[in-house]
Amino acid sequence: TLSSDGKVTFPNTSTGKVLQVVHAFKNDSFSDTSGSYAAMTGMSVTITASSTSNKLLFNCHLMYGTNSLQVFRVRLYDGTNEITASRSTAASTDNNNGWLADYNKFNGGASDLITNISGSYLHTPTDTNSHTYNLYGYAQGHGIYLNRRGYGTDYGGTSSFSVMEIEV
């Protein structure tokens, strides 16, 4: 409330509080050359929401490389089930859709590049059971490399994934 003398008072309410935070930090590397979406080892968080009326706020920051000029895509999963509302529907095929997408655009040699991608997603829990949320990555049938470049392990970075339960 803003009073006529310019003072601001906040109502005595519990909404908007951060109830809990779960964080995953990865400083080693992960690679996958399966040619399909793969769970990125170390990029998962487990949380038990206190109420289904609360929200879960996911944040991720990933350092990655590929071994060719490819679009790197990330999807958010609850266990092994994709949270489908988090994915774009703009692409012409299902495999080209992702929650996050970035084109490895270094024209000097894509496998030499290490770059980053970040994103947030707000989710409403459906129950108060424990859930493990995972990040899955894909790069059009080519290799994905977390925390390193596609060419080798001589350069690296770190990645993080967190979830906050927000009281509503």
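The structure presented is a predicted model; accordingly, all values stated were derived computationally and were not measured.
In the hydrophobic clustering, where aliphatic and aromatic side chains (Ile, Leu, Val, Met, Phe, Trp, Tyr) are joined below 4.5 Å either directly or transitively, Leu19 stands alone. The other residues sharing a hydrophobic cluster with Val18 are Val21, Leu57, Leu122, Met164, Ile166, where clustering joins ILVMFWY side chains under 4.5 Å apart.
Ser31 and Tyr145 make their closest contact through CB-CD2, 3.3 Å (heavy atoms, listed as atom of the first residue, atom of the second, distance). The two atoms that bring Ser162 and Val45 nearest to each other are CA-CG1, 4.4 Å, heavy atoms only. When all heavy atoms of Thr66 and Ala139 are compared, the pair lying nearest together is CG2-CB, 4.1 Å.
Taken to the nearest 0.5 Å, the CD atom of Glu167 stands 8.0 Å off from the OG atom of Ser51. Between Leu135 atom CG and Lys26 atom NZ the span is 11.5 Å, to the nearest 0.5 Å. The line from CD1 of Ile83 to NE2 of His123 is 4.5 Å long, rounded to the nearest 0.5 Å. Here Asp78 contributes atom CG and Ile47 contributes atom CD1; the two are 11.5 Å apart, rounded to the nearest 0.5 Å.
Using a 4.5 Å heavy-atom cutoff, the side chains of Tyr133 and Val22 are not in contact. Between Tyr136 and Thr80 there is a side-chain heavy-atom pair separated by less than 4.5 Å. Put simply, the side chain of Leu62 reaches to within 4.5 Å of the side chain of Met40, judged on heavy atoms. Put simply, the side chain of Leu100 reaches to within 4.5 Å of the side chain of Cys60, judged on heavy atoms. For the pair Val163 and Tyr121, the minimum side-chain heavy-atom distance is 4.5 Å or more. Val74 has its side chain out of reach of Tyr64: every pair of non-hydrogen atoms, C-beta onward, lies at least 4.5 Å apart.
Side-chain atoms of Glu82 do not come within 3.5 Å of backbone N or O of Arg75 as any donor-acceptor pair.
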Checking side-chain contact (heavy atoms from CB on, under 4.5 Å) for the pair Phe161/Leu76: CA distance, chi angles, key distance, verdict? CA-CA 11 Å; Phe161 180 43; Leu76 178 61; 3.7 Å; yes
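With sequence neighbours excluded, the residues satisfying side chain to side chain contact (heavy atoms under 4.5 Å, CB included) with His61 are Met63, Asn116, Ser118, Ser160. Legend: residues meeting side chain to side chain contact (heavy atoms under 4.5 Å, CB included) with Asn129, ordered by chain and number and at least two apart, are Asp127, His131. Applying the ring-ring contact (aromatic ring centres under 6.0 Å, His included) test to Phe30 and every residue at least two apart in sequence or in another chain returns nothing. Applying the side chain to side chain contact (heavy atoms under 4.5 Å, CB included) test to Thr132 and every residue at least two apart in sequence or in another chain returns Ser44, Thr46, Asn134.
Checked by atom type, the side-chain pair Lys55/Thr124 shows a donor-acceptor distance below 3.5 Å. Side-chain contact of Asn147 with Ser159: a donor-acceptor pair under 3.5 Å is present, judged by distance alone.
Residues Ile117 and Met43 are members of one and the same hydrophobic cluster, defined by side-chain heavy-atom contacts under 4.5 angstrom among Ile, Leu, Val, Met, Phe, Trp and Tyr.
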